[in-house]
Amino acid sequence: MLNYKIGYACSPISLQYRTSRSTILKNFTEEKFNECVNENLKDLKSILDWNIKNNIYFFRISSDIIPFGGHEVNNIKWWDTFKYELENIGNFINENDIRVSMHPGQYTVLNSTKESVVTKSILDLEYHCRFLDALKVDYTNKITLHLGGVYGDKPTAVKRFISGFNRLSPSLKKRLVLENDDKSYTIKDVIALCKILKIPAIFDNLHNKLNPCDLTLDEILSEVASTWTENDGAIKMHYSEQDANKKNGSHSKFVITKNFIEYLGQIHHLKVDIMLEVKDKELSALKCVNILNLHPSPSIKYSQWAKYKYSVMEKNYTNYKYCSKIVNSPNTMINIYEAIDQALLLPFSQGNFINTAEHVYGYVKKYTTMKEKEIFFNLLEEPLLNKDKIKLVLQRLCKKYGQNYINESYYFIY
DNA sequence: CACCGTCAAGTCGCA
DNA sequence: TGCGACTTGACGGTG
């Protein structure tokens, strides 16, 4: 089971680190820019640090790490200014066998019919490449891109992509990988083009569900695998699930254990690194790492349950009691996560919400002022209407009065 | 300090 | 032809 590195994208939700400090274009100055980059890089290092302490060895670096990195207003040689910091981070990545990636957004379109768009897209792609090059990380560290638009004529659009690709630097050509998208280009389209360009294909399971092709999953997997060479490193895939309450394509809040295990069963014969695309970022990454760990230390069960317990209690007290029981019996981490998932997916329950809010309030009760108490209990009169506000108030109180057991739990996240 | 409009950017569907 | 949706967090101006 050590086949897999599990990763998440860009912005952890439970850590105070941010790598996307920026300005609006009209306020762009060298001084402000350097300040942002300096802080962003510091936080990137802190994130990677946290990741390896939690057995997470795969991470997508945000395109925002360098503000206006590929923009024409930016003529600052940041790779010189921050040479030391960048190499320091790169060393850390290399020494710890971390894999990183980057993923330019929907506005980077290499196959546009407009030359100005293509030019800007190349600048943006070269920026991403320059960043990874500046870290001095090898060519297993990739830049993921979608094919772009169709413009009513897919074959011609694909040909334009090839022309665009031929204009890229040698280093970028070695880093670029193509991913199927949810609307236009299926994994079959991507594989066909990847074979022509001799670059790897990234398979995204949710995009494939929304934008399917006539290949079976086994055919897809073997074709995708064939696009990855020794120099590219392990196959990379994107894993996400549909948020059942939102419209097609919306990523779920968290990885559902049962679904993830089913997915693992389908790809078990391949060596794959999995980039999770879910809202709860590093928390699901940690969850998947624990799911894959056949010999977890016993303390993991307790520490994970401690984080989730109030979120479970808030949904259903019976589920809470059940989880508490199985944590203390010879159940696996997977059994526990499945029980937690089941609870988290339940709808809002007024009685359970109030009980849990009062339970958590108990932690700060003896410190709160009269006014704080009044605000809390007033809001609690209308739980459904005020649920977000109530938790915000509790979060502030727990922070103010140093209730770290609650602060470090996921109660304010799920 | 809370709130909210706007943001650098491209395609596509629809009126 | 032009506009909203898509999707995203955060900047920065307002009250």
Side-chain angles (χ1 to χ4, degrees), chain A residues 8-29 31-33 35-37 39-40 43-44 47 60-76 102-128 144-154 156-158 160-161 164 179 181-185 189 204 206-207 210-211 238 240 242-243 246-253 277-282 371-372 375 379 386 388-393 395-396 399-400 413:
Chain A
Y8 66 96
C10 306
S11 5
I13 57 161
S14 72
L15 313 176
Q16 70 276 43
Y17 309 122
R18 283 190 309 142
T19 61
S20 55
R21 292 171 191 83
S22 189
T23 65
I24 59 170
L25 194 50
K26 68 167 185 179
N27 294 343
F28 188 88
T29 63
E31 192 191 358
K32 178 71 188 167
F33 171 82
E35 194 184 306
C36 289
V37 174
E39 301 273 297
N40 285 349
D43 278 4
L44 172 59
I47 290 169
R60 180 189 300 164
I61 298 171
S62 170
S63 297
D64 297 331
I65 187 102
I66 307 291
F68 302 98
H71 197 280
E72 57 184 358
V73 296
N74 187 353
N75 52 20
I76 300 163
M102 295 184 89
H103 190 356
Q106 60 191 312
Y107 302 111
T108 305
V109 183
L110 193 54
N111 74 342
S112 175
T113 50
K114 298 187 201 103
E115 173 54 30
S116 65
V117 174
V118 178
T119 312
K120 278 186 270 186
S121 296
I122 291 174
L123 282 175
D124 187 54
L125 285 163
E126 293 293 353
Y127 142 66
H128 285 85
T144 307
L145 185 68
H146 292 290
L147 264 81
V150 173
Y151 314 91
D153 179 359
K154 203 181 260 189
T156 309
V158 170
R160 266 199 316 280
F161 189 96
E179 180 194 350
D181 64 74
D182 58 351
K183 284 194 191 65
S184 308
Y185 292 94
D189 297 327
D204 182 305
L206 181 58
H207 292 163
L210 298 164
N211 182 22
H238 289 180
S240 58
Q242 172 68 41
D243 187 322
K246 295 200 176 148
K247 63 179 65 156
N248 270 359
S250 291
H251 291 152
S252 64
K253 287 194 183 67
E277 293 187 329
V278 281
K279 298 261 158 59
D280 72 346
K281 308 282 185 175
E282 79 281 11
K371 191 161 184 197
E372 285 165 343
I375 289 170
L379 285 169
N386 296 327
D388 295 337
K389 210 159 184 184
I390 290 164
K391 291 184 81 165
L392 213 59
V393 165
Q395 187 172 22
R396 285 190 190 136
K399 198 169 177 188
K400 182 174 172 186
I413 292 173

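Proteins get letters first, then strands, A, B, ... in listed order; numbering begins at 1 in each.
For the P atoms, the distance from B/dG10 to C/dC11 is 23 Å, rounded to whole Å. To the nearest whole angstrom, the two P atoms, one in C/dG9 and one in B/dT11, are 24 Å apart. Distance noted for atom P between C/dT7 and B/dC14: 16 Å (whole Å). For the P atom pair drawn from C/dC6 and B/dC3, the interatomic distance equals 25 Å after rounding to whole Å. The separation of B/dA9 from C/dT1, taken at their P atoms, amounts to 22 Å, rounded to a whole angstrom. If you take atom P in B/dC1 and the same atom in C/dT8, they sit 29 Å apart, rounded to whole Å.
For A/Ile24, the side-chain atoms get nearest to C/dG12 when compared with the rest of C/dG12, B/dA2, B/dG10.
The distance from atom NZ of A/Lys154 to atom P of B/dT11 is 16 Å, rounded to the nearest whole Å. When the P atom of C/dC11 is taken as reference, atom CG of A/Asn40 falls 9 Å away, rounded to whole Å. A straight line from CG of A/Leu147 to P of B/dC12 spans 12 Å, rounded to a whole angstrom. Nucleotide C/dG12 holds its P atom 11 Å from the CG atom of A/Leu25, rounded to whole Å. Here B/dT11 presents its C1' atom at 15 Å from CG of A/Asn211, a figure rounded to the nearest Å. Straight-line distance from the NZ atom of A/Lys26 to the P atom of B/dA8: 9 Å, rounded to whole Å. The CG atom of A/Asp181 sits 13 Å away from the P atom of B/dT11 (whole-angstrom rounding). The distance from atom NE2 of A/His71 to atom C1' of B/dG10 is 14 Å, rounded to the nearest whole Å.
Figure legend. B/dG5 is base-paired to C/dC11; pairs are counted as Watson-Crick or G-U wobble with both atom distances under 3.5 Å.
Within the nucleic acid shown, A/Ser112 comes within 4.0 Å of sugar-phosphate atoms alone, with no base atom in reach, counting heavy atoms only. Within 4.0 Å (heavy atoms only), A/Val73 reaches no atom of the nucleic acid at all.
With salt bridges taken as basic N to acidic carboxylate O contacts below 4.0 Å, none links A/Asp243 and A/Lys279.
The distance from the OG1 atom of A/Thr119 to the CG atom of A/Leu110 is 10.5 Å, given to the nearest 0.5 Å. The CG atom of A/Asp43 lies 11.5 Å from the OG atom of A/Ser11; values are rounded to the nearest 0.5 Å.
Within the 4.5 Å cutoff, no side-chain heavy atoms of A/Tyr17 are placed close to those of A/Leu44.
Note on ring orientation: taking the six-membered ring where Trp is involved, the planes of A/Phe28 and A/Phe68 are perpendicular (angle over 60°, cut-offs 30° and 60°).
In this structure, A/Lys120 reaches the B/dG10 phosphate: one of its side-chain N or O atoms is under 4.0 Å from OP1 or OP2. Distances shorter than 4.0 Å separate some side-chain N or O of A/Asn27 from OP1 or OP2 on C/dG12.
Each of A/Phe68 and A/Val150 was assigned the nucleotide of DNA chain B with the nearest heavy atom; the assignment lying further toward the 5' end belongs to A/Phe68. Annotation: of the two residues near DNA chain B, A/Ser184 and A/Glu72, the 5′-most nearest-nucleotide partner is A/Glu72.
Between the side chain of A/Asn386 and the backbone N or O of A/Leu379, at least one donor-acceptor pair lies under 3.5 Å. A distance-only check finds no donor-acceptor pair linking the side chain of A/Asn111 to the backbone of A/Arg160 [under 3.5 Å].
Applying the 6.0 Å contact sphere to NZ of A/Lys253 captures no more than 12 heavy atoms from other residues, nucleotides or ligands.
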Point to revise | Under 4.0 Å protein heavy-atom contacts per nucleotide of nucleotides 3-10 of chain C, with B for base, S for backbone only and - for none | key: ---BB--S
